[in-house]
Each structure stands twice: as structure tokens, then as C-alpha cells.
Amino acid sequence: MKFVDEYRSEADVRKVADSIRALVTRPWTLMEICGGQTHTLIKYGLDRMLPDLVTLVHGPGCPVCVTPLELIDRAVAIARRPEVTFASFGDMLRVPGSELDLLSVKARGGDVRMLYSPLDAVRLAQKLPERQVVFFAVGFETTAPAIAGALLEAERLDLPNFSVLVSHVLVPPAMEALLSSPACLVKGFLAAGHVCTVMGTHEYDPIAERYRIPIVVTGFEPLDLMVGIRMTLAALEEGRHGVEIQYSRCVTPGGNLPAQKLLSEVFETCDRPWRGIGVIPKSGYALTPRFLRFDAAKRFDVETVTAEEPAVCIAGSILQGLAKPRDCAAFGRECRPEKPLGAPMVSSEGACAAYYSYGRE
């Protein structure tokens, strides 16, 4: 398969691993940003092919994992209303709130649906004019353009019964927040290729310069990741910093300009809470005044709903690269995919789910 099989060649991956072992002379800690990258690293055992001097820690790049508990409680509160048809991507339906998840709301008679596209929710609102259709809009810069497109379509149709509960987050401010922490162990980043496909790489240049750190934009197949790791380690060993692109078959420095135009039309940046991390300045999207009439939080008056995280879950430390899933006392015991305590065990991109699925000790 073009652009898949050649990036899963075991022989080529082993050659890169050999070159990494010949390259590294000192201990280095690298962070992969995206949960999809984490799953590839663990599934194919790539981390075990690296020399002991190299430590990989797992970043906050899973949109389901970083959605605040209070926002899930707000989603549940809206979904329980009898006049509402509530829709979202599949993973979000299983994330536990303080008392219920969205699937439990569905089991108790709520109209909760899994959709693959926010535009499907707009079509649903057209078909069900007597219902209020709400879409739970989560994700990074990768999925936000689709939400923006759906809102523009809802505006064009002048739909009075469509709204979105917005929880979009942005990668660069999160990287800055991690790097500015005194506890940060990260010396180099593997940046998420799909985010940069949309946004380009220019937002990473000032971060690399300010913190004098290498950032390599990397794909998601085993060979992508191993080459990205080698590029990052080579920069560290040579004392270089800056932004490099490994995923050049998809990413350009300027990114997808039409998608960026959509985003600027519908969203503006805002301070946003990240689950387990706290509020990160300018790290989220909020609707611009033109689209506030589609804001579900305002329409259903749930903006004041708050929540507290379970004390036993260490998801916040895992998302900041300060701990690994096996460091959690609840991992595989009280917390399992069928009964998760935290979002990293629920999400298909969560680090805890990766360790559990692939039996990683």
C-alpha cells in the first residue's frame, strides 16, 4: 500500500534503530505530542529498540484525554434534557463524568448519537426541526476546521435548533506550558504531523528559539517516528535547536491556508482548562461574536457547572510526561478500559489505553 507499507518495514526500522544507537552519547528525554504517536510507539515496541540513554514520555495530544471533567458534566447535563439530541465522536461518549458518561445517558433514554462528522449533526438538525441538536466539538487544530465548516453551513441555513459545545484546544500553548514548568524533563519534541498539516510550522519557531529546543514534525507510522527520533537526537547531540519537518509528504511550513481562514472566521483564541493540567492561557478556541448564537453552553445555561477530579487518578502527571501509566496504583486494577477512572484509559489515543492494550509492563 502506497505510503503505508513502506513506512512499516521492520528491516528499515531496525536500520534506523542501529543508527540511533551509534549516535547517542548522553541521556535525553523526548516527548511525542500526539496520542496516535504513542500508540504506534507502544504497539510496535519502538521504545524498546532505543538505547537506554533515550527516554520517551507521552504528551497531552489526545483531545478526549484533556477535555475537562466539568465540560463532560456540562455535556451530560445538556444530553439529559428531553428536547435535546446530543451527538459527538465515539470516544467522547464513554468518558466518565462526575456521575455519568454520555452512553449512560443514552441507556437511560436520552437521545445520544455517535457521528463521524459535525456536518452530519447539521443535517440532523435539518431533519429534526422539533429537536435541539447539539454537537460536542472536541479536538485540536486538526478537527476544528470541520467544526468551523459545520457552523458556517448552519449559519447559511439559518438553523435555530443547532448548537455546539466547544472544547477545542491548541498544541503550541500546551508545549510552552510544559516547557515553562520547573519539573519539565523534556529536551526535544516530536510534534504531531496532522496538526501541522493544517497550521504549518511557523507557530513552533518562537518556541524552539525561546527554549532552545529541537522540534521535529513527525508522522505516525513506525518509520516516521524512528526517523523523527533520530532527527531530534541528532540535533540534541550537535547542540542545535529549531524546527525540522520529517513528515514532509504532508506538511509544509505554511500549512493549509483555506483551513486557517475558516478557523479565523469562526473562532478566536481563549484561555482554556486542560484536564489534569489546569488553565493554559490562549490554548483554546471560543466562538467569535458572530457565531455566539450557536454556543450550546449559553443556550442551555450550563456555564457554571463545576467538577472535581478523582484523587486516585494521575492522568495529569501522565499527560505532562511526569509519570507513565504503570506508575499509577489504579492501572489495570480499579482502572481498566471497561471501567476507566480517567480519560487516558478511555480514549483510543490515550497513553493508559496503549499500555493496557499492548500488555506493556
Find out whether [X] and [Y] are in side-chain contact, i.e. whether some heavy atom of one side chain is under 4.5 Å from a heavy atom of the other.
X	Y	result
Phe189	Val216	no
Thr288	Glu265	no
Asp111	Val84	no
Ser9	Leu223	no
Glu203	Leu170	no
Leu100	Arg108	yes

Any chance the side chains of [X] and [Y] put a donor and an acceptor closer than 3.5 Å?
X	Y	answer
Trp28	Thr55	no
Thr218	Glu32	no
Arg131	Thr85	yes
Tyr355	His58	yes
Asp101	Ser104	yes

Can a donor-acceptor pair be found, under 3.5 Å and without considering hydrogens, that links the side chain of [X] to the backbone of [Y]?
X	Y	value
Ser181	Ala177	no
Glu238	Ala235	no
Asp73	Glu70	no

Is the number of heavy atoms from other residues, nucleotides or ligands within 6.0 Å of [atom1] ([X]) greater than 12?
X	atom1	value
Glu99	CD	no
Lys187	NZ	no
Arg14	CZ	no

From Leu319, Val66, Thr67, residue fulfilling side chain to side chain contact (heavy atoms under 4.5 Å, CB included) relative to Trp274: Val66
Ion pair present between [X] and [Y], side-chain N to carboxylate O less than 4.0 angstrom?
X	Y	value
Lys15	Asp18	no
Glu303	Arg299	no
Arg123	Glu153	yes

Give, for atom CG of Leu93 and atom CG of Leu115, the distance between the pair rounded to the nearest 0.5 Å. 9.0 Å
Is there a chain of hydrophobic side chains (I, L, V, M, F, W, Y, each step under 4.5 Å between heavy atoms) that links Leu30 to Val24? yes
Please walk me through it: do Val195 and Tyr204 pass side-chain contact (heavy atoms from CB on, under 4.5 Å)? CA-CA 12 Å; Val195 169; Tyr204 296 82; 3.9 Å; yes
